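Heavy atoms only: backbone and side chains are in, while hydrogens, waters and symmetry mates are out. Just so it is clear, the model here is predicted, and its values are computed rather than measured.
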Amino acid sequence: EDKKLKKSLQLKGINKSKLRIPIKYTKVSKKWITQGKLKSSIRLSETNLSLIYGIENPEKSGNKIIGADQGQITCLSLSDGQVTKVNKDGYDLNKIQDLLSRRRKGSKSFGKAQTHRKNYINWSLNQLNLDDVKELRLEKIKNIRKGKRSSRKSSHWTYPLIKSKLIMLSETKGFRFIEQDNKFRSQRCSQCGWTHKSNRKGKTFKCKHCGYEADSDL
């Protein structure tokens, strides 16, 4: 698509001329300007022109190592007790996933619901306090539906969106982001270490060995 745009510019005779494009700065772009410098290069696609900012790596001053668990109801739960919240319109990830499951794929309403989901994930993760974090470990999700029949709601899994947003936050906040193998982690008691699939039932974790009980995401 970049070749098409380049050819179009050449046909208009402006391939060697300067093309001046007015920019209206938004709240987001102003934030990036305060953190770095707008570069002279741009990225073009068929329908978009992307600005590029050069941001210096912030000093890693945090001292906490925390784990992060994503769910279908709450967007993200952190091991320090923080959990993403419902927004001002009453939406959480679960409600937005419900909307997606009722929309026809490829329709305008489906596209709007996808944008709604992405905006909610970005907003909800921005609400988390990560200032004192040195390292964030996200559970690594893989083969979650392999060999299983899943509902339309489950098919709209959000792991890539959450992961990419956390990587962006790690670059601006200055903490290390790593993926942690989640094998048996949801079945293992964080108090006594006893591991069994009967420990977990939905959103509730209760150790059959020592009796410890907590939210399963935490």
Yes or no on side-chain contact (heavy atoms from CB on, under 4.5 Å) for Leu93 and Gln97, after CA distance, side-chain angles and deciding distance?
-> CA-CA 6 Å; Leu93 185 59; Gln97 295 285 72; 4.1 Å; yes
Derivation and outcome, side-chain contact (heavy atoms from CB on, under 4.5 Å), residues Asn126 and Lys165 = CA-CA 9 Å; Asn126 282 335; Lys165 177 60 179 178; 3.1 Å; yes
Could you give me the CA-CA distance, side-chain angles and deciding distance for Leu38 and Trp32, then say whether side-chain contact (heavy atoms from CB on, under 4.5 Å) is met?
-> CA-CA 8 Å; Leu38 179 62; Trp32 287 114; over 6 Å; no
Does the pair Tyr25 and Lys30 meet the rule for a side-chain contact (heavy atoms from CB on, under 4.5 Å), with working shown?
-> CA-CA 6 Å; Tyr25 290 105; Lys30 287 177 181 178; 4.1 Å; yes
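At distances below 3.5 Å, at least one donor-acceptor pair connects side-chain atoms of Asp80 with backbone N or O atoms of Gln82. The backbone N or O of Lys95 sits less than 3.5 Å from a side-chain atom of Asp92, completing a donor-acceptor pair. Between the Thr204 side chain and the Arg200 main chain, no donor and acceptor come within less than 3.5 Å of each other. Counting only distance, with no hydrogens or angles, the side chain of Asn48 and the backbone of Ser50 share no donor-acceptor pair below 3.5 Å. A distance-only check finds a donor-acceptor pair linking the side chain of Thr195 to the backbone of Gly193 [under 3.5 Å].
Residues that satisfy the side-chain contact (heavy atoms from CB on, under 4.5 Å) test with Thr47, not counting sequence neighbours, are Ser45. By the ring pair (Phe, Tyr, Trp, His ring centres under 6.0 Å) test, Tyr91 is found to be paired with His116, residues two or more places apart in sequence or in another chain being considered.
Counting heavy atoms from C-beta on, the side chains of Tyr53 and Lys39 never come closer than 4.5 Å. Residues Phe177 and Lys163 form a side-chain contact, since some pair of their non-hydrogen atoms from C-beta on lies under 4.5 Å apart. Taking 4.5 Å as the limit, some side-chain heavy atom of Asp131 sits within range of a side-chain heavy atom of Lys173. Side chains of Leu166 and Leu76 form a contact here, defined as non-hydrogen atoms less than 4.5 Å apart. You'll find the side chain of Phe110 reaches within 4.5 Å of the side chain of Lys105, heavy atoms only.
In this structure, Lys140 NZ and Ile178 CD1 are separated by 11.0 Å, a value rounded to the nearest 0.5 Å. Atom CG of Asn129 sits about 11.0 Å away from atom CD of Gln127, to the nearest 0.5 Å. The distance from atom CG of Asp69 to atom CD of Glu139, rounded to the nearest 0.5 Å, is 4.0 Å. Expressed to the nearest 0.5 Å, how far OH of Tyr212 lies from CD of Gln191 amounts to 5.0 Å. To the nearest 0.5 Å, the span separating CG on Leu78 from CD1 on Ile66 amounts to 4.5 Å. Separating the OG atom in Ser109 from the CD atom in Gln114 is a distance of 10.0 Å, to the nearest 0.5 Å.
Note: the hydrophobic cluster containing Ile52 does not contain Ile23 (ILVMFWY, side chain heavy atoms under 4.5 Å, direct or indirect links). Hydrophobic clustering of Ile, Leu, Val, Met, Phe, Trp and Tyr side chains at less than 4.5 Å, counting indirect connections, keeps Val86 apart from Trp123. Residues Leu130 and Ile65 do not share a hydrophobic cluster, clusters being chains of Ile/Leu/Val/Met/Phe/Trp/Tyr side chains in contact below 4.5 Å.
In plain terms, the two heavy atoms of Ala68 and Leu136 that are nearest each other are CB-CD2, 3.9 Å. Contact record, Cys189 with Cys210: SG-SG, 3.8 Å, taken as the closest heavy-atom pair. Taking each heavy atom of Lys208 and Ser198 in turn, the nearest pair found is CE-O, 3.2 Å. Of all non-hydrogen atoms in Leu100 and Ala113, the two that sit nearest each other are CD2-CB, 3.7 Å. The two residues Tyr120 and Ile96 come nearest to each other via the heavy atoms CB-CD1, 3.5 Å.
No more than 12 heavy atoms of other residues, nucleotides or ligands shown are found within 6.0 angstrom of NZ on Lys37.
Ring-plane geometry between Trp194 and His196 is classed as parallel, the angle between the planes falling under 30 degrees on a 0 to 90 degree scale with a further cut at 60.
Just one of Ser124, Cys75, Ser77 meets the side-chain contact (heavy atoms from CB on, under 4.5 Å) condition when paired with Val83; it is Ser77.
Salt-bridge formation is not detected for the pair Lys64/Glu135: no Lys NZ or Arg NE/NH1/NH2 atom is positioned less than 4.0 Å from an Asp or Glu carboxylate oxygen.
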